[in-house]
Amino acid sequence: MPQTARTSDTTGGSHGVQHVDIAVVGAGFAGLYLLHRLRQAGFTAQGLEAGDDVGGTWYWNRYPGARCDIQTTDYSFTFDPALEAAWQWSEKYATQPEILRYLGFVADRYDLRRDIRFGTRVTSARWNEATERWLLTTSAGPSVSCRCYVMASGCLSEPKPPEIDGVASFEGEVYVTGRWPHEGVDFTGKRVAVIGTGSSGIQAIPRIAEQAAHLTVFQRTPNFAFPAHNGPRPAHRVAPLVQDLAAYRAQARQSLSGVPLPRATEFSWQLSDDERRRRFEEALAAGDLVVMLSQLWADQGGDLEGNALAAEHLRGYIRSVVKDPATAEALTPRDHPFGSKRPCLETNYYATFNKPTVGLVNLRQEPIEAITARGIKTARRTVDVDAIVFATGFDAMTGAILAVHPITGRGGQSIDSLWAQGPQTYLGLTVAGFPNLFLITGPGSPSVLSNMAVSIEQHVDWVVDRLIDLRAAGFTTIEATATAQAGWQRHLADCTALSLHRLANTWYTGANVPGKAQGVMPYTGGVGPYRTICDDVVAQGMLGFRLGGPGGKTQCNDGEIVRLQPDARLVLGMMAGMNLPPIESMGAAGARAFVAQFNTTRPAGRPVGEVLDGTLPGADGAPLAWRLYRPATPGPHPIVVYYHGGGWVLGDAASDDPFCRDLCRRSGMIVVSVDYRHAPEHRFPAAPEDGYAALCWVAEHAGQLGGRAGPLLVAGWSAGGNIAAVTCQLARDRGGPVIAGQLLVCPVTDGTTFDRPSYTENATGYFLTRGLMHWFWDLYCSPAERGDPRVSPLQGRLAGLPPAFVVTAEFDPLRDEGIAYAEAMAAAGVPVEQLQARGHFHSSFTMVDVIATAVSGREHMAEALRRFAGTDEAGVLPKAAE
Ligand code: NA7
């Protein structure tokens, strides 16, 4: 970055060009903090702001009732404890005027206005490859030449056009919530229309209704809203700030949303109806978006069933307030999961519809045809009004970057052509092909799904800290690589698959703007995880960035910062943070106790129709435990004999309980999880012989167990996958029982070599380590025995085996032997399907309700089992086959 501090000509150099180190667009929260930090770091910086004063979104959105929907305990700058001490918020949720006063106070306190050109829009931005500087043309004053260009232009800054014919022909007053007149508007005695029921409409409608002679609300999509309960700041929210401000702020930075609340750990199916109602009432009384969105139960945000329970409570709340049932129904959202569209905090919103002077037009039933000289014409009526308020929202996230001015990067490429199919960024901060351009809270960062104050500070700190580092290292350019950017887009898609935001048409997805590319734009993986990723990029030597400096100096540490699935990454990170001793150092008894204890902390599996326990005679006649999971659907059901994981040393018939429940529910089949004798007490061949004995016993007792007559299926995970594979070979060679199909999940298939790449690449760091596998092997059998097909099924004869579905995980030492077994079976003529799970590790599929990205893999497994068994979707036999 610039080599010396304040050497640039900031006074408007030759040809009317002002030279600075860094140009900053926007003077809201982000622009102000940037200017402060840049100045402290010794950079010359120029702020450019379209408004006539500081404030950003809070400068423009002056409509009645405008407030922040994050509590004031959390929505303010945290970088300077003295600033925090100097400002006292007056309410739980700050009004727009108070936030504007606050930002003015901040600007004065740090004397920031002198570095901002107000009333100035950037009209174009172009990267000059020769000078390695950006040139910005502006609507007023000199152009700006800068080494770095930082867009602090906000996520909701660019109001979208109303997209309704005839607006210009309307002879009354027209207002847009996002461009409200500074002098205010008096609606007294007027007939008013409000179009739009997002946060802006929901805040403005009750206030406008207080004045207007008549108000008609034109609603296209009802939103979930619940009371803000505004008032004094709640004592329990202020107390932690008073006790330990620094600790509270630190927690916020590591939290999911930027507001420090614990994670809900109990799932909806673990709670009674009464308990769920109690939790909902408590959240309703709290009057807090983040509480309602995250504190009810663990599955409310990512699972449709858990979400539907929350949504139904909220619908009940609407019915309890709105007196007219038809109006209540029209106001009730039914087309999107709760939280997938930004929910709103309301103050008298629903109650306003009980007023005789307020009407609701449901645009789903009668779309607006046009705006006329006197009012609004729908498919069914004409509503004459004196004023129309457009609360129709924004071209969000990308609007302020794309719509405001052309940005031209390396090779003359414009950012809007690059983003034609949707925004592409690295970390939501930078764009490949656009050196020295930074986006504060850009698309691909948590931004609007977080407390913006926290996310803005994190981005500003990251950018300024990098500029300082690069200056110290003698670099002048920084640019994301294409690899890093593509990897980040993949990670975003992986995160998005976990959230319900993808299931609604919203401004998060671009659906509110006709013709805009569709896709969830903010990072849905959470503020804390995102922060650690940004920090990891730095810790890994600016991974994914190309740095350049004078004299051809370059550094490029290319790569992708996240290759694991997001939840797998979190789980592995959490386990690494526990600093557990290696399992192989615990001894067999210690390891068993550890696993048993570990399993008590996992989410309980979901309910199935019935769970039964029993015993069967093993190969030596001694009893072996089994646990049966029966679907809730009418039987008889096909039976899957399941073998648990645990390296032939650990686990039992109940140790993969959540996975067995999941298989049972998804496949609609009985799953009988059977035990087998464990090493080191019982070394090879006890385990496979027990596995085969169990299979025979289940086949003989299928009817008594409630299973259907006919072939069984087998399944197993890890060492259990090994037993399952071996059992199929034994059943073929020993004359039965007949097996209709085998599901092998991350199976052990070959103990004769540990040289396959996955053993090296994934030797440590992914829970199942190379060292642990060696320990398992040594306890299980001698090296001389490992060529026996009952130890290493890959060494056996493979022709004539039942059809197989083989699942392997990218970050698993066992990956390559699983793939090798699948390929060898296929080569021997066995019908084989493979699922090579990207970004997963050995335990991903069995950590049910922890690794949610593994759900689709388990769906595929259940489908495969149904195909093997010849059953339909619900796991029920087709009529003809019964
Ligand atoms: P939003 O949340 O985008 O709300 C805009 C509303 O306007 C929404 O109800 C839209 O219906 C409606 N709308 C948009 N265009 C039309 C047309 N052409 N005809 C009828 N109705 C229309 O914007 P807000 O300003 O309220 O809030 C933005 C964010 O600011 C908010 O989420 C908080 O984070 C703060 P739709 O839902 O698209 O059917």
Side-chain angles (χ1 to χ4, degrees), residues 28 56-58 60-70 75 93-94 96 99 154-167 175-180 193-205 216-225 228 257-258 289-290 293 330-331 333-336 339-346 349 360-371 376-379 383 388-397 399-400 441 446-453 455 501 504-516 518 521-522:
T57 201
W58 300 108
W60 298 104
N61 285 271
R62 296 166 185 251
Y63 61 85
R67 276 182 200 270
C68 185
D69 56 11
I70 295 288
Y75 190 73
Y93 293 107
Q96 175 270 334
I99 301 172
C155 298
L156 294 159
S157 317
E158 192 60 19
K160 78 182 185 88
E163 306 127 11
I164 300 171
D165 288 343
V167 179
Y175 302 102
V176 176
T177 48
R179 291 287 180 271
W180 205 256
V194 174
I195 304 177
T197 52
S199 296
S200 304
I202 283 176
Q203 288 182 334
I205 283 164
T216 311
V217 176
F218 292 80
Q219 171 193 268
R220 191 161 66 183
T221 312
N223 260 341
F224 286 102
S257 61
L289 269 190
V290 188
L293 282 166
L331 288 166
R334 297 198 182 276
D335 71 340
H336 62 275
S340 60
K341 193 175 179 119
R342 175 88 171 198
C344 309
L345 289 177
E346 55 109 8
Y349 174 66
L360 179 67
V361 174
N362 183 346
L363 299 180
R364 295 285 176 209
Q365 291 171 353
E366 45 178 314
I368 296 177
E369 289 185 345
I371 291 177
I376 299 176
K377 183 174 178 330
T378 74
V383 181
I388 301 177
V389 174
F390 288 98
T392 41
F394 299 87
D395 183 353
M397 313 242 13
T441 62
S447 59
V448 291
L449 290 180
S450 68
N451 172 2
M452 286 296 279
S455 287
H501 292 99
N505 293 325
T506 65
W507 58 260
Y508 293 141
T509 67
N512 67 327
V513 176
K516 187 167 173 173
Q518 303 285 294
M521 290 184 284

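In each ligand, atom 1 is the first atom listed, and ligand 1 is the first ligand listed. All figures in this text were calculated on a predicted structure; none of them were measured in a lab.
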Going by heavy atoms in the side chains, are Thr506 and Arg342 under 4.5 Å from each other? no
Please list, chain by chain and in numerical order, all residues satisfying side-chain contact (heavy atoms from CB on, under 4.5 Å) with Ala94, sequence neighbours excluded. Thr72, Trp89, Glu98, Ile99
Please work out which of the three classes, parallel, tilted or perpendicular, describes the rings of His336 and Phe224, given edges at 30° and 60°. perpendicular
Between Thr221 and Arg364: side-chain donor-acceptor atoms closer than 3.5 Å: yes
Under a 4.0 Å heavy-atom cut-off, what residues line ligand 1? Leu156, Lys160, Pro162, Glu163, Ile164, Ile195, Gly196, Thr197, Gly198, Ser199, Ser200, Arg220, Thr221, Lys341, Arg342, Leu363, Arg364, Ala391, Thr392, Gly393, Phe394, Trp507
Identify, with sequence neighbours excluded, every residue that meets side-chain contact (heavy atoms from CB on, under 4.5 Å) alongside Ala225. Ile202, Cys344, Glu346, Tyr350
side-chain hydrogen bond (donor to acceptor under 3.5 Å, both in side chains) partners for Lys516, two or more places apart: Asp395, Thr398
